[in-house]
There are 2 protein chains.
Amino acid sequence: MSQPESPSRVRQSRHARGAAPTLHDVAREAGVSLATASRVLNGSERKVAESFRERVEQAAAELGYTANVSAQATARGTSPVIALLVADIADPYFGLIAAGVARGADEQGLVVTIAITERDPAREARIVRALRGQRPQGLILAASRTKEPTDSDSDTARELAEYARFGGRVVTFGAGSAENRHVEIDNRAGAEELGRRMAALGYRAAIAIAAAEGVLTSDERLAGFRAGFESGGGAIDRVLRGDFRRESGVQAMTAALAEGVVPGTLVFGMSDVVAIGAMSAIRDAGREIGADIAVCGFDDVPSSSDVTPALTTVRVPLSEVGYQAFRATVDADWEQAALPLEVTVRASTPGIPR
Amino acid sequence: MSQPESPSRVRQSRHARGAAPTLHDVAREAGVSLATASRVLNGSERKVAESFRERVEQAAAELGYTANVSAQATARGTSPVIALLVADIADPYFGLIAAGVARGADEQGLVVTIAITERDPAREARIVRALRGQRPQGLILAASRTKEPTDSDSDTARELAEYARFGGRVVTFGAGSAENRHVEIDNRAGAEELGRRMAALGYRAAIAIAAAEGVLTSDERLAGFRAGFESGGGAIDRVLRGDFRRESGVQAMTAALAEGVVPGTLVFGMSDVVAIGAMSAIRDAGREIGADIAVCGFDDVPSSSDVTPALTTVRVPLSEVGYQAFRATVDADWEQAALPLEVTVRASTPGIPR
DNA sequence: AAAGTTAGAGCCCTTTGGTGA
DNA sequence: CTCACCAAAGGGCTCTAACTT
């Protein structure tokens with residue numbers, strides 16, 4: 001009566017159902033000690049005789065044993081996970097970065113946990129704190145950093161510092177603190193080249209659709225573009241503010257159009273997604289993209305080449321960027337590999353005939 | 001000499017640097033027992049006197065304590081993670097699903113670990129096995145299932161069964177086994193309606209670009225479309241095979257065009273991404289999308305409305321689908337909420353004037 | 001006697017001495 | 001002396017049972 005409804009050859013361990021077999025179960029089944037079973041199954045330098053190894057492996061297979069990662073983590077004092085924070089995983093920008101991170105993690109047999117900040121600094125701080133509890137080997141922060149930290153930003157910073165203090169490795173994008181490793185995308189240079197090229201195409205007046213002032217990526221891209229565009233004789237007439245989302249491009253552009261946009265103007269969206277939103281607004285206003293109003297963006301996300309006219313942009317090797325960020329979390333001595341940006345001129349900026 | 005370079009008020013615990021503070025440290029600092037500290041910090045029914053609670057909380061704050069999730073997991077026997085398997089996180093289809101899953105997980109304070117199958121059954125099996133080790137509360141499999149399992153598929157199935165056997169909850173998409181919960185997208189009905197609508201618009205000849213035979217989602221969409229389209233007097237002339245990726249759409253369409261495509265033909269891509277690839281090929285061949293060759297897809301990923309002409313498709317609430325999948329992993333009694341699909345006719349299928 | 005504390009066993013695994021062949 | 005095994009301690013936490021006031 002102590003073993004209700006148990007089939008005849010049931011194991012008498014406590015996990016008849018409901019719990020996965022443990023190393024203990026395997027060891028007992030194989031008739032060896034825990035230590036030996038551990039060595040066979042969960043990797044160790046020390047040798048185990050072939051006959052024992054076989055017995056253990058068979059027992060494990062029979063029982064469907066899988067090492068309990070949490071237990072391993074507590075015992076080893078390190079857990080095989082990389083934490084990735086992104087603003088929005090459905091955004092292709094972050095999707096591509098995540099793909100790169102995942103690729104790297106897979107290579108190293110690490111697991112990646114993903115969390116979404118929704119671009120909310122308070123949320124971000126909360127998440128970093130929660131993630132700290134996982135004791136991940138590395139933490140990659142791919143949400144947008146701002147220059148002058150809000151209170152919540154410094155909450156995040158504090159949590160990150162705390163995490164780093166106890167051996168965790170933080171990787172951020174763009175200029176990080178001296179402490180943290182960071183993957184640098186040369187937004188400024190890429191944007192400058194873009195500005196130069198656009199000026200060379202004959203554009204002289206531009207409208208920029210940027211994120212809020214202080215958002216580093218946006219600031220850098222804007223400054224770079226301005227430098228390049230002005231060096232070629234162009235000028236940015238208006239800077240509209242929003243964020244990196246498509247809807248932001250739609251709204252800013254709609255507003256700009258309402259105020260009036262002269263033909264031959266170039267619109268520069270701080271991200272392709274924004275630029276594509278702007279294109280949509282332009283079209284909805286009955287204007288033409290290209291000869292009438294030209295548009296360019298930044299990132300070269302896949303859909304940039306699928307819209308019509310195809311979007312002029314700066315190619316950022318996002319997946320590679322993600323991969324680099326991953327390497328930065330695990331490599332003892334890491335140096336960022338070159339991440340070349342490349343201006344890609346397409347039909348959305350046909351140029352102005354002289 | 002026993003405490004090198006230690007600041008004066010250093011704590012004497014073993015973790016002067018390198019290891020995060022433990023509950024033990026907090027308890028000592030607060031002058032209470034482990035049990036009390038645990039109750040205060042890591043949630044418990046039992047009451048703790050206010051004065052003790054304060055002391056503990058302050059000590060925790062001072063030390064920057066965060067509970068070690070792995071240790072909690074081993075002690076509690078359950079770990080707060082949901083595992084998500086997707087074919088490709090950079091694909092907007094999976095990106096949106098992941099966003100929905102992440103939203104749900106966040107609501108419940110769970111962590112999402114993500115893994116990429118790359119649509120490789122062998123990889124998938126390997127990953128499921130690795131993920132099993134995490135003892136996640138739920139496992140969401142969002143990669144494409146096939147009808148007649150390959151060997152590797154049954155490897156996956158075996159791992160899933162093993163996982164489920166010990167209390168894990170598996171959620172798949174599309175018709176799952178009787179055992180597993182599954183989130184059903186009514187591909188057939190959606191595609192049928194699409195087919196009907198396309199026939200009503202005057203289309204009579206269609207080319208379908210599908211994934212390999214046996215890939216359930218593709219099969220269902222194709223069958224549904226065929227039924228609807230034929231019921232309206234149309235017929236599918238050619239079924240080209242590839243996968244769900246953009247490149248597949250390009251290749252299939254290029255091949256189709258080489259063989260010849262008469263004006264007025266409708267191309268149905270089994271996913272928007274494929275349809276967009278086909279659009280690209282059509283354009284590259286110097287043909288026109290719309291009046292000449294019409295195109296429709298499935299999913300309504302964001303870029304579908306950004307391409308020109310905008311893509312006719314079937315709207316799938318992907319983020320909601322992901323959310324549902326998440327609920328299915330955690331709710332004791334779960335019933336799938338309705339996931340209405342909606343045919344969205346856009347400019348890529350202007351119809352054939354009679 | 002109620003309320004709240006504490007000691008200590010237990011979770012699953014790793015790893016280090018020891019020990020017998 | 002190797003070689004290859006085992007026992008046992010330890011890792012950070014939870015939770016029950018016993019104890020204090």
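Letters A, B, ... are given to chains in the order of the sequence lines, protein chains preceding strands, and every chain is numbered from 1.
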Roughly, in whole Å, what's the span from [atom1] in [X] to [atom2] in [N]?
X: B:Asn68; N: C:dC11; atom1: CG; atom2: C1'; result: 13 Å
X: B:Arg39; N: C:dT5; atom1: CZ; atom2: C1'; result: 7 Å
X: A:Asp25; N: C:dC12; atom1: CG; atom2: C1'; result: 10 Å
X: A:Phe166; N: D:dG12; atom1: CZ; atom2: P; result: 13 Å
X: A:Leu34; N: D:dC5; atom1: CG; atom2: P; result: 14 Å
X: A:His24; N: D:dC6; atom1: NE2; atom2: C1'; result: 13 Å
X: A:Arg55; N: D:dA4; atom1: CZ; atom2: P; result: 15 Å

Can B:Gln137 and B:Thr329 be counted as having a side-chain donor-acceptor contact under 3.5 angstrom?
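No, because no side-chain N or O of B:Gln137 sits under 3.5 Å from a partner of the opposite role on B:Thr329.
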
Compare side-chain N and O positions of [X] against OP1 and OP2 of [N] and report whether any pair is under 4.0 Å apart.
X: B:Ser33; N: C:dT6; answer: yes
X: A:Asn42; N: C:dT14; answer: yes
X: A:Tyr65; N: C:dC13; answer: yes
X: A:Thr36; N: D:dC6; answer: yes
X: B:Gln72; N: D:dC13; answer: no
X: A:Ser38; N: C:dT14; answer: yes

Ion pair check, A:Arg126 and B:Asp106, cut-off under 4.0 Å | yes

How do B:Arg53 and B:Arg76 order along DNA chain C: which one's closest nucleotide is nearer the 5' end?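 Going by which nucleotide is closer to the 5' end, it is B:Arg53.
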
With nearest nucleotide decided by heavy atoms, which residue, B:Phe52 or A:Leu23, maps closer to the 5′ end of DNA chain C?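 In this pair, the answer is B:Phe52.
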
### 4.5 Å side-chain heavy-atom contact, A:Arg103 and B:Ile116
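No - every pair of side-chain heavy atoms lies 4.5 Å or more apart.
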
Practice prompt. Determine whether any donor atom in the side chain of B:Thr74 lies under 3.5 Å from an acceptor atom in the base of C:dC12, or the reverse, and answer yes or no.
Written response: no

Q. Among D:dC6, D:dC13, C:dT5, which is the nearest nucleotide to the side chain of A:Val32?
A.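 So the nucleotide nearest the side chain must be D:dC6.
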
Exercise for the section: State whether the number of non-hydrogen atoms from other residues, nucleotides or ligands found under 6.0 Å of A:Glu335 atom CD is greater than 12. Expected result: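 12 or below, so no.
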
Which heavy atom of A:Ala325 sits nearest to which heavy atom of A:Val183, and what is that distance?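 Taking A:Ala325 first and A:Val183 second, the nearest heavy atoms are CA-CG2, 3.5 Å.
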
Check your understanding: Which part of the nucleic acid does B:Ala35 contact within heavy-atom distance under 4.0 Å: base, sugar-phosphate only, or nothing?
Key ->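 Base: the residue B:Ala35, judged by heavy atoms under 4.0 Å, touches a nucleobase.
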
Check: Just checking B:Ala67: base, sugar-phosphate only, or nothing, at a heavy-atom cut-off of under 4.0 Å?
Finding: sugar-phosphate

